[in-house]
Amino acid sequence: MGESIKGLKRTAYCAEFNMKNVGEEITVFGWVQRQRDLGNLIFIDLRDRSGIIQLSFNDNTDSDIFEKAKSARTEWVVAAKGVVAERESKNKEIPTGDIEVMVNDFRIVSKAQTPPFEVEKSDSVGDDVTLKYRYLELRNEKLTRNILMRHKIAKIAREYFYANDFIEIETPMMIKSTPEGARDYVVPSRVHNGKFYALPQSPQIYKQLTMIAGFDRYIQLARCFRDEDLRADRQPEFTQIDLEMSFVECDDIMTMAEGFISKLMKETIGVDVPERLPRMTFEEAMNKYGSDKPDTRFGMLIEDISDWADKTDFVVFKSAIADGGSVKAIVAKGGAANYSRKKIDKLTNHAKGIGAKGLAYIRWADEAPNCSFAKFLKEGELEELISLLGAEKGDVVFIVSDKTRKALTIMGALRLLVAKELDIIPENKWNYLWITEMPFFELDEETGEYVAAHHPFTMPMEESVQYLDTDKSKVKAQAFDLVLNGTELSSGSMRITDCALQNKMFELLGMEQEEIDAKFGFLVDAYQYAAPPHGGMGIGLDRLAMLICGADSLRDVVAFPKVQNASELMSGAPSYIDGVQLDELGINIVNKED
């Protein structure tokens, strides 16, 4: 059994002390990060959530205290009381590196088994181990710092929106299953046998109902759940800073979000961002960057060379154009030295893996440029293209031809990959960007049908409503996305408040009236009692924290994350439940996996 901390009260956290505290007697609690026994000297690096401070024991230390310090091991919980002194050998790597604590009271509160990995070196240990012992990995200074930053972001969000008259309203966690784009996580009901609740993919409908209820401005740090395949910037459960506003237009919502971003960046990492964030239409983003979430920190913009390509005898280019497609190119400045023929072949395979039929190139490493399709060009055509693109000796040009949207998407992905391989993406640059004038429908090139690009409550632009039945390609949404350095942080829109238009939207999604009534009848009914014009957005708290912390994955900013197959290694979730529970719920498991 460990020693009591009775009579001891923490003075402050470890990293909060500095030279101004020299001569003061303080009390600190924490975990032993490292113990160094030099015979007549013992040093302990004591760690708490704020950081590290050095405890010092020497010939003047009480012998019992010295022996306890001698026995202390990594990850033991200890308490220490002593006088702050200036260190002889200073450590500039930590904030408290100029001081140490000359200990006069030392207590071993709790002993630990030898941990399965060194906490301070957990970055080099596999996920299968660290996530199993996540509570240990969270002691790592980097992860601790990330979780504290996430907390700070949440705190700033609440402070900002409270100050702007938003009301925090909690919406239900068990709701009616409605189509929102991803599969629902469902919860069986014992009372209503055979029926299920769904965990919310977002609080969308409920926050709109708060506007109809008259609350005017709603805010919630909302937990959301989506049963979809995971990746580095996706978890099955996530948090969004969710807001909704009445009597506004898109610009009002975006302006409100800009104020939050400005305050957030200044108070977290001391970065000033413009009061008015740049805006770019969806079409411009796709045409220049090949993405609706473009990374604008570097150039290498996509160029359309279709007019030039159509004049050549290269059948690959001409066929794509004849089929209504286009030919797109990027110029990797100075890329010739990096991209050997072997590396270009590897990039070509990657391009094919993401849907390209091939990858044409011009590599200008020597006196004359090497063009992969030169034999199909007439005299002067290569020089004309090089001039058109502004390519120079030392550059590489990559070219893709296909259906226009497909060619753009492929080229957008290649643009990012090439930029990473050339290491031209600047660090410590924060390029926020609004994407506006979003298409209301997307063309499914497999079926040739238009499908909804947004949730069914999104308001189309007034001038687009006339095309709902005649030309879906012309319908634009009153919607907008917030992007940071190529990552989508938020989607927002104005909402439909007209019952007839809302019904029409459901019908355009292929829903029959019976299905509309069954799934959304309560919302349609609510609109019959008068609804204010309203709209809102949800900012991904996890993704925002990931980017601000410079983390590689959402796992690094979530306390207890899931892995690729949506399981949690530490607790073993999901797990089987016993037969009694299944019987109560009226559930029979078939094709049960071992």
- Show the numbers, then the answer: is there a salt bridge (Lys or Arg N to Asp or Glu O under 4.0 Å) between Glu512 and Lys519? CA-CA 11 Å; Glu512 300 290 339; Lys519 291 183 175 179; over 6 Å; no

Please report the closest heavy-atom contact between [X] and [Y], naming both atoms and the distance.
{"X": "Lys406", "Y": "Gly355", "answer": "CE-O, 3.1 Å"}
{"X": "Glu159", "Y": "Lys155", "answer": "OE2-NZ, 2.7 Å"}
{"X": "Pro294", "Y": "Met280", "answer": "CG-SD, 4.5 Å"}
{"X": "Pro115", "Y": "Leu136", "answer": "CB-CD1, 4.2 Å"}
{"X": "Val32", "Y": "Arg73", "answer": "CB-O, 3.4 Å"}
{"X": "Asp481", "Y": "Glu488", "answer": "OD2-OE1, 3.7 Å"}

- Among all residues two or more places apart in sequence or in another chain, which pass the salt bridge (Lys or Arg N to Asp or Glu O under 4.0 Å) test with Arg158? Glu168

Output a table of donor-acceptor pairs, distance under 3.5 Å, between side-chain atoms of residues 345-352 and any protein atom two or more places apart or on a different chain; print 'none' if there are none.
unit_1 : atom_1 : unit_2 : atom_2 : d
Asp345 : OD1    : Arg341 : NE     : 3.3
Thr348 : OG1    : Ile344 : O      : 2.8
Asn349 : ND2    : Asp345 : O      : 3.4

Has the side chain of [X] got a donor or acceptor atom that lies under 3.5 Å from a matching backbone atom of [Y]?
{"X": "Thr144", "Y": "Leu138", "answer": "yes"}
{"X": "Asp48", "Y": "Cys14", "answer": "yes"}
{"X": "His454", "Y": "Gly492", "answer": "no"}
{"X": "Asp45", "Y": "Arg34", "answer": "no"}
{"X": "Thr239", "Y": "Arg223", "answer": "no"}
{"X": "Arg495", "Y": "Gly536", "answer": "yes"}
{"X": "Arg543", "Y": "Arg234", "answer": "no"}
{"X": "Ser340", "Y": "Lys343", "answer": "yes"}
{"X": "Gln201", "Y": "Phe225", "answer": "no"}
{"X": "Gln220", "Y": "Thr171", "answer": "yes"}

Hey, are the side chains of [X] and [Y] touching, using non-hydrogen atoms and a 4.5 Å cut-off?
{"X": "Pro203", "Y": "Gln240", "value": "yes"}
{"X": "Met286", "Y": "Thr409", "value": "yes"}
{"X": "Ile167", "Y": "Thr210", "value": "no"}
{"X": "Glu515", "Y": "Phe506", "value": "no"}
{"X": "Leu482", "Y": "Met254", "value": "no"}
{"X": "Val119", "Y": "Glu141", "value": "no"}
{"X": "Ile175", "Y": "Ile205", "value": "no"}
{"X": "Tyr576", "Y": "Ile589", "value": "no"}

Tell me whether the rings of [X] and [Y] are parallel (<30°), tilted (30 to 60°) or perpendicular (>60°).
{"X": "Phe161", "Y": "Phe260", "result": "tilted"}
{"X": "Tyr135", "Y": "Tyr133", "result": "perpendicular"}
{"X": "Phe457", "Y": "Phe520", "result": "perpendicular"}

- Query: Does atom CD of Gln513 have more than 12 heavy-atom neighbours from other groups under 6.0 Å away?
  - Reply: yes

- Lys357 NZ: over 12 foreign heavy atoms closer than 6.0 Å: no

- Ring centres of Tyr361 and Tyr339 under 6.0 Å apart? no

Inter-residue atom distance [X].[atom1] - [Y].[atom2], 0.5 Å rounding:
{"X": "Asn193", "Y": "Lys195", "atom1": "CG", "atom2": "NZ", "answer": "10.5 Å"}
{"X": "Ile548", "Y": "Leu484", "atom1": "CD1", "atom2": "CG", "answer": "8.0 Å"}
{"X": "Glu507", "Y": "Gln502", "atom1": "CD", "atom2": "CD", "answer": "11.0 Å"}
{"X": "Phe398", "Y": "Arg415", "atom1": "CZ", "atom2": "CZ", "answer": "14.0 Å"}
{"X": "Ser490", "Y": "Tyr432", "atom1": "OG", "atom2": "OH", "answer": "11.5 Å"}
{"X": "Lys132", "Y": "Ser571", "atom1": "NZ", "atom2": "OG", "answer": "12.0 Å"}

- Message: For Tyr289, give me all partners under ring pair (Phe, Tyr, Trp, His ring centres under 6.0 Å), at least two apart in sequence or on another chain.
- Response: none

- Task: With side chain to side chain contact (heavy atoms under 4.5 Å, CB included) as the test, would you mind laying out the steps for Asp184 and Leu199 before giving the verdict?
- Result: CA-CA 7 Å; Asp184 285 331; Leu199 299 182; over 6 Å; no

- Please report the C-alpha distance between Glu237 and Lys562 in whole Å, then the side-chain angles of each, then the deciding distance to 0.1 Å, and finally whether the salt bridge (Lys or Arg N to Asp or Glu O under 4.0 Å) criterion is met. CA-CA 9 Å; Glu237 49 185 320; Lys562 305 291 191 295; 2.3 Å; yes

- Message: Evaluate Glu75 against Arg139 for salt bridge (Lys or Arg N to Asp or Glu O under 4.0 Å), listing each step before the verdict.
- Response: CA-CA 9 Å; Glu75 301 310 320; Arg139 295 179 187 175; 2.8 Å; yes

- Message: With side chain to side chain contact (heavy atoms under 4.5 Å, CB included) as the criterion, how do Ile425 and Lys420 come out once you've worked through the C-alpha distance, each side chain's angles and the decisive distance to 0.1 Å?
- Response: CA-CA 7 Å; Ile425 304 176; Lys420 288 175 184 175; 3.8 Å; yes

- Start with the C-alpha gap between Gln235 and Arg555, add the side-chain angles, then the distance that decides, and say whether side chain to side chain contact (heavy atoms under 4.5 Å, CB included) holds. CA-CA 8 Å; Gln235 283 277 304; Arg555 291 184 191 179; 4.1 Å; yes

- Lys NZ or Arg CZ of Lys472 over Phe441 ring: under 6.0 Å, within 45°: yes

- Message: Quick one, Lys476 with Phe282, criterion side chain to side chain contact (heavy atoms under 4.5 Å, CB included). Give me CA distance, side-chain angles, the key distance, then yes/no.
- Response: CA-CA 10 Å; Lys476 299 287 180 65; Phe282 175 89; over 6 Å; no

